[in-house]
Amino acid sequence: MLIVTGASGRLGYKVVENLLHHVPADRIGVSVRDPAKVADFAARGIRVRQGDYDDARSLRHAWEGAGRLLLVSSNAAATGGDPLAQHATAISVARELGVDRVFYTSQISSSAASHFPPARDHAATERMLADSGLAWTALRHGFYAQSARQMHARGFEAGTLAAPQDGKVAWTTHDDLAALDAALLAGNEVIDGPTPPLTGDEALDLEDLARLMSDFAGKEISRVVISEKDFETGARRAGVHDVLIALLLGYYRAARAGEFAGVDPTLARVLGRAPERMPDFLAANSG
């Protein structure tokens, strides 16, 4: 069985849809906290079982018969949870079940010294996998293109991207990354350990995005650099939670340090085509 965790999320759902192009539905199993959210998968012959990273017993059942496992990284930190404890539980269960290979959705900036808090968690999880005795692949995804829209939605609408100094980011779409994840999970190619950066061929900063969005929105969108202190003050005034503020400040610091800027041809090579470019993504999602 090829098991996909987090299959009700944006990435996991797309991975499953792509897997159906590689293997029969009865070879796919999904592990989700709420099976009702993926009832359509069950209707297509995919095995759907409840699984929660906080509950090892549920994972043993959800992952029964797993040959290869896609471990979608936990977002528990966003709500005050402990993603590393959850990942440790998941890796322990995978080892207990004798999973042939674990694929973990990591990130381009994975490093214990990263300015970006999730990247430090990714690095710690990669170390767990390296010490587990399991065969593993860390899928070092480029920064999700959708995040550019989400993080700066108010700025795009208001016509001003006011934020701390940033840097170039290799924005990469969920669609392309899901297609690659599915291809590797299906066994089309084997990459041991961390992959190269899984990105397109360009990196853009906020000034670039402002220029692009000006063209698509039909209005001038300016890029204004503000201090981290002013950003933090404004975010608190808007009711943004401290955990999210820390994450966003870490993002800007990491971007300035070039942690998200690397580009690499691996994604294009595995896909057999050019990945979607950020201008095309923004044009299609500028409404």
Side-chain angles (χ1 to χ4, degrees), residues 1-7 9 11-12 14-16 18-19 22-23 26-33 46-77 81-112 114 118-141 177-198 264 266-267 270:
M1 295 288 289
L2 307 180
I3 304 296
V4 178
T5 69
L11 178 73
K14 290 177 181 293
V15 170
V16 175
N18 278 276
L19 267 181
H22 297 279
V23 299
D26 62 7
R27 282 198 59 206
I28 303 171
V30 302
S31 169
V32 292
R33 282 178 292 184
I46 293 169
R47 191 182 80 185
V48 176
R49 292 185 178 177
Q50 195 275 337
D52 189 319
Y53 290 165
D54 288 317
D55 181 357
R57 183 177 178 180
S58 74
L59 298 182
R60 292 186 192 102
H61 175 65
W63 301 352
E64 181 184 5
R68 292 191 287 275
L69 168 72
L70 178 65
L71 181 62
V72 174
S73 57
S74 168
N75 62 358
D82 186 348
L84 293 183
Q86 293 184 330
H87 293 165
T89 297
I91 292 167
S92 177
V93 171
R95 184 171 58 242
E96 177 186 330
L97 295 176
V99 171
D100 295 332
R101 179 174 292 273
V102 174
F103 296 82
Y104 170 69
T105 58
S106 187
Q107 210 250 3
I108 186 174
S109 62
S110 175
S111 167
S114 175
R120 298 194 291 270
D121 289 343
H122 288 314
T125 302
E126 290 180 8
R127 287 197 300 273
M128 290 183 206
L129 286 164
D131 293 340
S132 71
L134 292 162
W136 61 284
T137 301
L139 301 156
R140 289 195 171 176
H141 289 172
L177 291 169
L180 176 136
D181 293 352
L184 295 185
L185 186 59
N188 289 13
E189 180 175 330
V190 176
I191 300 176
D192 284 313
T195 66
L198 300 173
D264 188 273
T266 298
L267 178 61
V270 175

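For reference, positions follow the sequence shown, starting with 1. Reckoned from all heavy atoms, side chains included, excluding hydrogens, waters and symmetry mates.
Residues satisfying the salt bridge (Lys or Arg N to Asp or Glu O under 4.0 Å) test with Arg101, not counting sequence neighbours, are Asp192. Checked against side-chain contact (heavy atoms from CB on, under 4.5 Å), Ala7 has the following partners two or more places apart in sequence or in another chain: Val4, Val16, Val30, Val32, Phe41. Pro83 meets the side-chain contact (heavy atoms from CB on, under 4.5 Å) test with Ser74, Ala76, Ala77, His87, Asp121; sequence neighbours excluded. Under the side chain to side chain donor-acceptor pair (under 3.5 Å) criterion, Ser114 pairs with Glu259, not counting sequence neighbours. Considering only residues two or more places apart in sequence or on other chains, Ala124 meets the side-chain contact (heavy atoms from CB on, under 4.5 Å) condition with Leu84, Arg127. Evaluation of the side chain to side chain donor-acceptor pair (under 3.5 Å) rule for Asn75 yields no partner, not counting sequence neighbours. Listed by chain and number, the residues in a side chain to side chain donor-acceptor pair (under 3.5 Å) with His122 are Tyr104 (sequence neighbours excluded). Taking Ser58 as the reference, Gln50, Asp52, Asp55 meet the side-chain contact (heavy atoms from CB on, under 4.5 Å) condition, with sequence neighbours excluded. With sequence neighbours left out, Ser111 forms a side chain to side chain donor-acceptor pair (under 3.5 Å) with no residue at all.
Minimum heavy-atom separation, Ala94 to Val102: CB-CG2, 3.9 Å. The nearest pair of heavy atoms linking Leu19 to Ala182 is CD2-O, 3.6 Å. Of all heavy-atom pairs between Val93 and Ala56, the closest is CG2-CB, 3.8 Å. Closest approach of Ala90 to Leu59, counting heavy atoms only: CA-CD1, 4.0 Å. The two residues Ala186 and Leu2 have their closest heavy-atom pair at CA-CD1, 4.1 Å.
Atom CH2 of Trp136 sits about 9.5 Å away from atom CG of Asp131, to the nearest 0.5 Å. Taking OG1 of Thr195 as the reference point, atom CG of Leu267 lies at 9.5 Å (rounded to 0.5 Å). The line from CE of Met1 to CG of Leu97 is 12.5 Å long, rounded to the nearest 0.5 Å. Atom CZ in Arg47 sits 11.0 Å away from atom CG in Asp26 (nearest 0.5 Å). Rounding to the nearest 0.5 Å places CG of Leu71 at 12.0 Å from OG1 of Thr137. Rounding to the nearest 0.5 Å gives a distance of 9.0 Å between CZ of Phe103 and CD1 of Ile191.
Judged by distance alone, with hydrogens and angles left aside, the side-chain atoms of Thr5 form a donor-acceptor pair with the main-chain N or O of Val72 at under 3.5 Å. A donor-acceptor distance shorter than 3.5 angstrom exists from the side chain of Thr105 to the backbone of Ser73, with no hydrogens or angles considered.
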Step-by-step side-chain contact (heavy atoms from CB on, under 4.5 Å) determination, Leu177 to Leu198: CA-CA 7 Å; Leu177 291 169; Leu198 300 173; 3.9 Å; yes
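Screening residues 59-71 for side chain to side chain donor-acceptor pair (under 3.5 Å) gives Ser31-Trp63, Arg49-Glu64, Arg60-Glu96 as the qualifying pairs, with residues at least two apart or on separate chains.
Between Asp181 and Leu11, some side-chain heavy-atom pair lies under the 4.5 Å cut-off. You'll find the side chain of Leu129 reaches within 4.5 Å of the side chain of Ile91, heavy atoms only. The shortest distance between side-chain heavy atoms of Pro118 and Gln107 does not fall below 4.5 Å. The side-chain heavy atoms of Glu126 and Arg140, taken from C-beta on, include a pair separated by under 4.5 Å. Residues Leu139 and Leu180 form a side-chain contact, since some pair of their non-hydrogen atoms from C-beta on lies under 4.5 Å apart.
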